[in-house]
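Take a look at the structure set out below.
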Amino acid sequence: MHWADFRAQRLSERKVPQVIVSGITPSGEFHIGHLREILTAEMIHRACLDSGLDSRYVFIVDSMDPLRRVYDFLSPEYEKYIGVPLAYIPAPNPDGTPSTDSGSYADFFVNPFLESLREIGVFPEIVMNHEAYEDGRFSEKIDLAISKKKEIREIIMDISGRDLPEDWFPYSPRGSNGSMDGVRVTGYEYPFVHWEDDHGITGRADIRKAEGKMPWRIDWAARWIIHQVTCEPAGKDHGAAGGSFDTGIPICKVLGGNPPEKIVYEWIQLKGMGPMSSSSGVTIGPMEALSLVPPEILRYVIARSKIGRHIEFDTGSALFEIADEYERLLSRIETGEITKRMQTRIDTRKGALRLSQVVRNSDPSESIGGVSFRHLSMLAQIKSSDDEVWESLRNSGHLSGEPGDSLAIRLGKMRNWIDGKHFPEDARIIIQTIIGEEFRENTTEEQRLFLRELSKSLENCEWNQDSIKDAIRECMGIYGLKGKDGFAALYWALLGRRYGPRASALISEMDRHTLIELLKGV
RNA sequence: GGGCCUGUAGCUUAGUCAGGUAGAGCACCGGGCUUUUAACCCGGUGGCCGGGGGUUCGAAUCCCCCCGGGCCCGCCA
């Protein structure tokens with residue numbers, strides 16, 4: 001059983017409508033790791049729907065979280081916003097200075113991310129956490145938390161092992177400049193928390209408005225109740241023993257709720273990106289990943305891995321292998337004796353395939369548009385225009401009529417991948433300009449004679465695939481070469497390797513004169 | 001210092017919760033395919049399951065110790 005289906009089964013025991021939630025702080029650019037947060041939850045949501053449960057998927061944006069520090073991409077002017085909720089500070093300009101007309105900091109980072117999510121078929125209900133504070137939806141729980149502050153303080157100290165000061169307070173009011181930093185609580189009488197800030201200024205925060213927020217560990221537990229959350233997978237940072245999940249569960253109970261079960265997912269790491277390193281600041285965002293990888297393959301990367309395992313996200317040759325695996329799953333029919341373990345594996349993989357579809361429960365075989373990822377990579381390299389690719393696919397019987405959207409999108413992404421830095425070099429088709437040493441080392445005199453004959457034959461033949469193919473076949477016949485040996489020689493000459501894409505297709509894309517000159521050098 | 005995840009074939013991994021003779025894909029090797037979608041089909045090589053101890057008729061699986069990798073414990077998502 002797939003992990004998402006297993007979770008759905010567990011959730012069904014709750015006998016309530018399911019509310020599956022993801023939560024992310026929009027403190028900067030989103031990255032590929034955030035997709036695991038989103039997709040882990042969304043796949044559980046889909047699994048719930050598939051098993052007939054009533055389920056909603058909600059993305060809570062932590063827009064009420066304060067700016068922690070002035071990040072590298074921000075100008076020093078942001079110093080004054082430290083401690084201010086992200087919903088209430090301006091978005092940065094490209095040069096890092098605060099803009100005057102680009103909306104809030106939170107929206108600035110969230111909006112493009114939501115766009116990416118649509119591309120992978122994720123349509124969450126969006127909750128901006130600061131709006132929940134503005135609307136007073138938190139007020140009852142804030143009031144309750146304040147009245148139970150001793151109990152909550154005990155829980156946090158016990159479970160996390162942290163020391164909280166005697167005057168710890170489960171609500172952080174915003175001071176005179178809107179920041180929650182350096183603000184001391186001096187008293188409480190519903191609905192006002194009285195405070196004094198670093199500047200010696202005093203005031204009061206109305207807990208029914210966004211004039212302050214609860215610290216994370218309490219905020220999280222409270223929102224589970226407010227939104228009736230039944231499931232919220234969390235990154236392993238929350239999952240460590242004594243972490244916010246462990247304190248959230250008892251705090252949620254203290255506040256009168258039924259907390260979700262603890263689910264912790266592992267991080268995604270980057271691999272195969274050459275000199276990439278964290279110090280050089282090169283990361284991969286969801287937009288970039290989506291510009292290279294077909295959406296169902298991106299979903300499959302998450303779906304195929306167990307929640308608790310690291311994922312090495314590799315935009316190089318591993319993409320071919322993942323795509324191959326995906327395509328094999330589509331066509332594979334198990335034969336012979338199927339053991340219990342084999343059946344488990346098959347069910348799990350089929351579940352992963354099902355949950356990888358951009359459109360829920362659509363036919364997986366339609367997602368690849370009838371053309372394998374590898375084949376498309378070859379065509380995209382040797383055919384400069386899309387129309388030629390479609391023409392070729394029609395000739396080979398992969399396509400009839402016009403390509404569908406899914407296939408057109410796949411080709412576009414394939415071209416981005418090939419043109420970019422992530423494409424693996426050994427998959428790149430590089431036409432040789434001169435005959436290299438490898439050629440001489442790997443071919444016989446007979447093979448060379450064949451190629452010389454071919455170069456003559458190609459001088460006059462029609463420049464299309466069929467004629468070229470006929471010429472190749474004919475010349476091989478003259479020297480009695482087996483197909484394998486003839487083609488190998490051709491590939492050694494053209495590509496400096498013993499294999500390659502369909503030779504006639506490749507040659508028909510080349511300039512006749514250049515090719516003949518090359519072959520004359522054998 | 002405390003804790004979480006993880007270590008299975010050259011690579012990626014299933015199996016660990018409920019102990020019962022190690023499964024798979026890629027790569028590699030051999031064979032087939034009147035002859036290339038880097039394809040496809042058939043067969044094969046390759047694992048003392050990180051190391052050591054223990055429990056058991058039986059351990060990749062349970063318990064203890066050690067080693068390697070990743071990460072969390074700073075009002076912080």
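It should be emphasised that the depicted structure is a prediction, and the values quoted were computed from it without experimental measurement. Note on naming: letters A, B, ... go to the chains in the order of the sequence lines (proteins, then strands), and numbering restarts at 1 for each one.
Comparing A:Arg304 and A:Ala427 against RNA chain B, the residue whose closest nucleotide sits nearer the 5' end is A:Arg304. Two residues, A:Phe169 and A:Glu325, neighbour RNA chain B, and the one matched to the more 5' nucleotide by heavy-atom proximity is A:Glu325.
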Stepwise side chain to side chain contact (heavy atoms under 4.5 Å, CB included) check, A:Ile24 with A:Phe59: CA-CA 8 Å; A:Ile24 301 177; A:Phe59 177 14; 3.9 Å; yes
CA sep, side-chain torsions, deciding dist, call: A:Glu42, A:Arg299, salt bridge (Lys or Arg N to Asp or Glu O under 4.0 Å): CA-CA 10 Å; A:Glu42 198 259 1; A:Arg299 290 186 65 105; 2.7 Å; yes
Audit row: A:Phe30, A:Val110, side chain to side chain contact (heavy atoms under 4.5 Å, CB included) steps and yes/no: CA-CA 8 Å; A:Phe30 282 73; A:Val110 167; 4.3 Å; yes
CA sep, side-chain torsions, deciding dist, call: A:Lys383, A:Glu391, salt bridge (Lys or Arg N to Asp or Glu O under 4.0 Å): CA-CA 10 Å; A:Lys383 301 289 185 186; A:Glu391 186 56 35; over 6 Å; no
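At a threshold of 4.0 angstrom between heavy atoms, the contacts of A:Leu86 with the nucleic acid are absent. A:Ser372 comes within contact range of at least one nucleobase, with a heavy-atom separation under 4.0 Å. Residue contacts for A:Gly243: at a heavy-atom cut-off of 4.0 Å it reaches no nucleic acid atom on any strand shown.
Rounded to whole Å, the separation between the C1' atoms of B:rG69 and B:rA59 comes to 25 Å. Rounded to whole Å, the C1' atom of B:rU56 lies 46 Å from the corresponding atom of B:rG74. For B:rA60 and B:rG47, the C1' atoms lie 11 Å apart once the distance is rounded to whole Å. Using P as the reference atom, B:rA24 and B:rG43 are 11 Å apart when rounded to the nearest Å. Here the separation of B:rA9 from B:rC4, taken at their C1' atoms, is 29 Å to the nearest Å. Look at the P atom in both B:rC26 and B:rC67: the space between them is 39 Å, to the nearest Å. Comparing the same atom, C1', in B:rA22 and in B:rC49 gives a spacing of 7 Å after rounding to whole Å. When the P atom is compared between B:rC48 and B:rG1, the two are found 33 Å apart, to the nearest whole Å.
For B:rA24, neither phosphate oxygen OP1 nor OP2 lies less than 4.0 angstrom from any side-chain nitrogen or oxygen of A:Arg328. Remark: A:Lys262 is not in phosphate contact with B:rC4, judged by side-chain N or O atoms under 4.0 Å from OP1 or OP2. Contact between the side-chain N/O atoms of A:Arg309 and the OP1/OP2 oxygens of B:rA14 is found at a separation under 4.0 Å.
Within 3.5 Å, no donor on the side chain of A:Arg374 pairs with an acceptor on the base of B:rA39, nor the reverse.
The side chain of A:Asp65 lies closest to B:rA77, out of B:rU37, B:rC26, B:rA77. In this structure, of B:rA38, B:rA77, B:rA14, it is B:rA14 that holds the atom nearest to the side chain of A:Lys306. When each of B:rU37, B:rG70, B:rU6 is scored by its nearest atom to the side-chain atoms of A:Glu266, the top-ranked nucleotide is B:rG70. Of the candidates B:rA77, B:rC71, B:rC75, the closest approach to any side-chain atom of A:Pro215 belongs to B:rC75. The side chain of A:Phe487 lies closest to B:rU35, out of B:rA77, B:rU35, B:rA38. Checking B:rU13, B:rC75, B:rC26 against every side-chain atom of A:Glu321, the shortest atom distance belongs to B:rC26.
Salt-bridge check for A:Glu266 with A:Arg309: failed, with every basic side-chain N at 4.0 Å or more from each acidic carboxylate O. Looking at A:Glu196 and A:Arg184, a side-chain N of the basic residue comes within less than 4.0 Å of a carboxylate O on the acidic one, giving a salt bridge.
Following rounding to the nearest Å, A:Tyr479 (OH) and B:rU35 (P) show an atom-to-atom distance of 23 Å. When the P atom of B:rC75 is taken as reference, atom CG of A:Asp167 falls 14 Å away, rounded to whole Å. If you measure from atom OH of A:Tyr491 to atom P of B:rU37, you get 8 Å, rounded to the nearest angstrom. Here the P atom of nucleotide B:rC71 and the CD1 atom of A:Ile311 are 16 Å apart, to the nearest Å. Here the C1' atom of nucleotide B:rA77 and the CZ atom of A:Arg69 are 13 Å apart, to the nearest Å. Between the P atom of B:rU35 and the CZ atom of A:Arg473 lies a distance of 7 Å, rounded to the nearest Å. At whole-Å resolution of the value, CD1 in A:Ile159 and C1' in B:rC72 are 16 Å apart. Whole-Å rounding puts the A:Arg349 CZ to B:rA14 C1' distance at 8 Å.
Under a cut-off of 6.0 angstrom, the local environment of CD in A:Glu13 is crowded, with over 12 non-hydrogen atoms contributed by other residues, nucleotides or ligands. Within a 6.0 Å sphere centred on CD of A:Glu29, heavy atoms belonging to other residues, nucleotides or ligands number 12 at most.
Paired regions of RNA chain B, where each region holds three or more successive Watson-Crick or G-U pairs whose two hydrogen-bonding distances fall under 3.5 Å, are B:1-7 with B:67-73, B:10-13 with B:23-26, B:28-32 with B:40-44, B:50-54 with B:62-66.
The list of salt bridge (charged side-chain N to carboxylate O under 4.0 Å, His left out) pairs with a residue in residues 58-70 of chain A, not counting sequence neighbours, reads A:Asp62-A:Arg223, A:Asp65-A:Lys213.
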